[in-house]
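Worksheet: one structure, shown below.
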Amino acid sequence: MSSTTTGPGTVPQEGSSCLESLQASPLTLIVSDNTEDNDAEVLRRAQEEGRVDVVFPGTVSQEGCCRFVSEILKCILYQRQQLPMTYDQLVYSQKKLQASMQNKEVVSWRPVQSADMDLRKCQRTLQELEEVLQQLKVLFSLSLVPRVLLLLGGSLILPKELYEINMEALVLAAGDQSLRVSSCLRQLFRTLFVADLLSDARPVRLMATTILVLAHRDCGVGWFRPKLDFKVPTRVKNQIIALLTDTGICSASQAEVSDWQDYVWFQAPVTIKGFSK
């Protein structure tokens with residue numbers, strides 16, 4: 001694998017003075033213009049093609065890929081209104097609600113009943129999500145994972161919404177030779193924010209989310225169930241989040257070193273059921 005290279009130049013801090021801004025070099029202004037052009041292209045492709053490319057300036061680790069998928073899953077569930085708040089906020093809210101339920105001073109029956117129902121729904125969704133996240137870690141430790149599908153609502157044949165995380169063009173390396181996961185996540189979510197791929201002003205009904213993962217047929221995973229005859233649905237728009245490594249820096253992508261013919265789809269045996277307060 002290619003060794004990790006340094007990322008792009010440092011962006012001036014927000015605290016820079018007006019004088020420093022006025023004295024910015026022509027190169028800085030060109031970089032700013034290029035960023036605006038790149039953002040415009042990201043937005044155009046998302047709107048017209050339903051695709052967002054996130055190009056990392058170096059290699060990434062297999063553990064990092066798992067983290068990318070996990071964080072995108074959490075983001076989609078929240079942005080598509082399947083969670084009333086972000087995952088971290090939901091975990092905090094659950095702990096706070098559990099504490100209030102145990103408070104001896106709560107004597108009103110109706111609020112306790114309502115809170116108890118909210119707590120049960122929250123616990124159910126968190127348990128389903130956390131089980132999927134944990135099993136994804138196991139699967140990523142057993143096999144390369146070039147593609148992940150998130151199907152919301154409907155059925156496997158015709159879901160209401162379809163999102164694909166495509167990692168075929170990533171170049172992998174050991175953790176100490178790859179980009180920091182935190183830096184990659186910042187780049188990933190900045191690009192998703194610019195693309196505005198997940199927002200929708202219309203209300204979205206609560207749905208169940210199904211996860212399918214492409215992995216080696218002989219990887220030995222036990223929790224996920226093989227779906228040998230599964231075909232990616234074509235009658236619904238596939239929104240693609242493609243994670244790539246800059247080919248000008250690293251050349252040997254997963255697609256070039258792997259034979260995807262030996263890879264099959266595996267389905268998570270549990271679905272993540274959306275809920276609202």
Side-chain angles (χ1 to χ4, degrees), residues 60-80 82-83 87 90-91 120-170 172 198 204-243 254-255 257-275:
V60 297
S61 66
Q62 180 76 344
E63 294 81 5
C65 292
C66 182
R67 181 79 183 279
F68 303 153
V69 171
S70 298
E71 296 303 324
I72 292 173
L73 171 59
K74 296 175 191 177
C75 176
I76 288 178
L77 289 173
Y78 172 62
Q79 292 289 340
R80 302 308 299 142
Q82 301 307 300
L83 299 177
Y87 172 79
L90 199 59
V91 172
R120 286 202 299 268
K121 289 190 295 183
C122 180
Q123 287 177 329
R124 180 201 66 191
T125 299
L126 279 178
Q127 287 172 355
E128 293 166 349
L129 179 53
E130 288 169 354
E131 184 174 17
V132 169
L133 296 177
Q134 183 59 41
Q135 294 299 330
L136 280 172
K137 291 182 181 179
V138 175
L139 181 56
F140 271 84
S141 71
L142 297 172
S143 171
L144 293 176
V145 179
R147 299 169 69 189
V148 177
L149 297 181
L150 309 177
L151 290 73
L152 277 65
S155 64
L156 289 182
I157 299 175
L158 187 61
K160 295 291 184 182
E161 299 181 16
L162 173 61
Y163 300 91
E164 175 180 340
I165 307 169
N166 189 300
M167 298 175 284
E168 291 177 332
L170 282 176
L172 301 183
L198 304 175
V204 180
R205 60 182 292 185
L206 293 177
M207 301 176 283
T209 299
T210 302
I211 294 91
L212 286 108
V213 182
L214 192 65
H216 197 281
R217 63 170 66 247
D218 298 325
C219 65
V221 67
W223 189 75
F224 285 87
R225 299 170 181 171
K227 303 288 290 186
L228 302 180
D229 298 326
F230 175 78
K231 304 292 184 184
V232 177
T234 56
R235 293 163 58 191
V236 62
K237 185 175 182 179
N238 185 5
Q239 308 271 27
I240 300 175
I241 301 172
L243 309 182
Q254 291 191 68
V257 298
S258 303
D259 183 3
W260 300 136
Q261 293 182 353
D262 290 330
Y263 283 65
V264 299
W265 288 105
F266 291 85
Q267 179 183 346
V270 301
T271 58
I272 302 170
K273 302 173 185 65
F275 86 97

Subject >> Trace of the side-chain contact (heavy atoms from CB on, under 4.5 Å) decision for Cys122 with Leu90 >> reply: CA-CA 8 Å; Cys122 180; Leu90 199 59; 3.8 Å; yes
Original post:
Any side-chain heavy atom of Leu129 within less than 4.5 Å of one from Tyr87?
Top reply: yes
**OP:** Report yes if the side chains of Trp265 and Val213 come closer than 4.5 Å at any heavy-atom pair, otherwise no.
**Re:** no
**OP:** Consider only side-chain N and O atoms of Tyr263 and Arg147, and report whether a donor and an acceptor are under 3.5 Å apart.
**Re:** no
Original post:
Under the side-chain contact (heavy atoms from CB on, under 4.5 Å) criterion, do Asp262 and Asp218 qualify, and how do the steps go?
Top reply: CA-CA 8 Å; Asp262 290 330; Asp218 298 325; over 6 Å; no
Original post:
Hey, is the main chain of Arg205 close enough, under 3.5 Å, to the side chain of Gln82 for a donor-acceptor pair?
Top reply: yes
Original post:
In a check of side-chain contact (heavy atoms from CB on, under 4.5 Å) between Thr209 and each of Ile76, Val270, Leu77, which one passes?
Top reply: Leu77
Subject >> Donor-acceptor pair, side chain of Glu161 and main chain of Leu151, under 3.5 angstrom >> reply: no
Original post:
Rounded to the nearest 0.5 Å, how far apart are CG of Leu144 and SG of Cys65?
Top reply: 8.5 Å
Original post:
Hey, are the side chains of Val264 and Lys227 touching, using non-hydrogen atoms and a 4.5 Å cut-off?
Top reply: no
Subject >> Leu206 CG: over 12 foreign heavy atoms closer than 6.0 Å >> reply: yes
Original post:
Would you say Arg124 has more than 12 foreign heavy atoms packed within less than 6.0 Å of its CZ?
Top reply: yes
Original post:
Quick one: are Leu136 and Trp223 in side-chain contact, heavy atoms under 4.5 Å?
Top reply: no
Original post:
When you look at NZ of Lys160, are more than 12 heavy atoms from neighbouring residues, nucleotides or ligands closer to it than 6.0 Å?
Top reply: no
**OP:** Output, in order, the C-alpha distance, side-chain angles, deciding distance and verdict of side-chain contact (heavy atoms from CB on, under 4.5 Å) for Phe230 and Leu149.
**Re:** CA-CA 12 Å; Phe230 175 78; Leu149 297 181; 3.6 Å; yes
**OP:** Report yes if the side chains of Glu128 and Lys273 come closer than 4.5 Å at any heavy-atom pair, otherwise no.
**Re:** yes
Original post:
Can the positive tip of Lys121 be found less than 6.0 Å from the middle of the six-membered ring of Phe275, inside 45° of the ring normal?
Top reply: no
**OP:** Could you tell me the separation between the OG atom of Ser70 and the CD atom of Glu130, rounded to the nearest 0.5 Å?
**Re:** 11.5 Å
Original post:
Got Leu139 and Phe224 here, is their nearest side-chain heavy-atom distance under 4.5 Å?
Top reply: yes
Subject >> Whether Gln62 side chain and Ser143 backbone form a donor-acceptor pair below 3.5 Å >> reply: yes
Original post:
Taking C-beta and beyond as the side chain, do Ile272 and Ile211 meet within less than 4.5 Å on heavy atoms?
Top reply: yes
Original post:
What is the distance from atom CG of Leu170 to atom CG of Leu243, rounded to the nearest 0.5 Å?
Top reply: 5.5 Å
Subject >> Over all atoms of both residues, closest heavy-atom pair of Pro233 and Leu162 >> reply: O-CD2, 3.9 Å
Subject >> Full working for side-chain contact (heavy atoms from CB on, under 4.5 Å) between Met207 and Val204 >> reply: CA-CA 9 Å; Met207 301 176 283; Val204 180; 3.7 Å; yes
Original post:
Where do Leu198 and Cys75 come nearest, in terms of heavy atoms and distance?
Top reply: CD1-SG, 3.9 Å
**OP:** Report the C-alpha separation of Glu63 and Arg67 in whole Å, then their side-chain angles, then the decisive distance to 0.1 Å, and conclude whether the salt bridge (Lys or Arg N to Asp or Glu O under 4.0 Å) test is met.
**Re:** CA-CA 6 Å; Glu63 294 81 5; Arg67 181 79 183 279; over 6 Å; no
Original post:
Side-chain contact, heavy-atom cut-off 4.5 Å: Ile241 with Asn166?
Top reply: no
Original post:
Under 3.5 Å, side chain of Thr271 to main-chain N/O of Ala208, donor-acceptor pair present?
Top reply: no
Subject >> Side-chain (Gln127) to main-chain (Thr125) donor-acceptor, under 3.5 angstrom >> reply: no
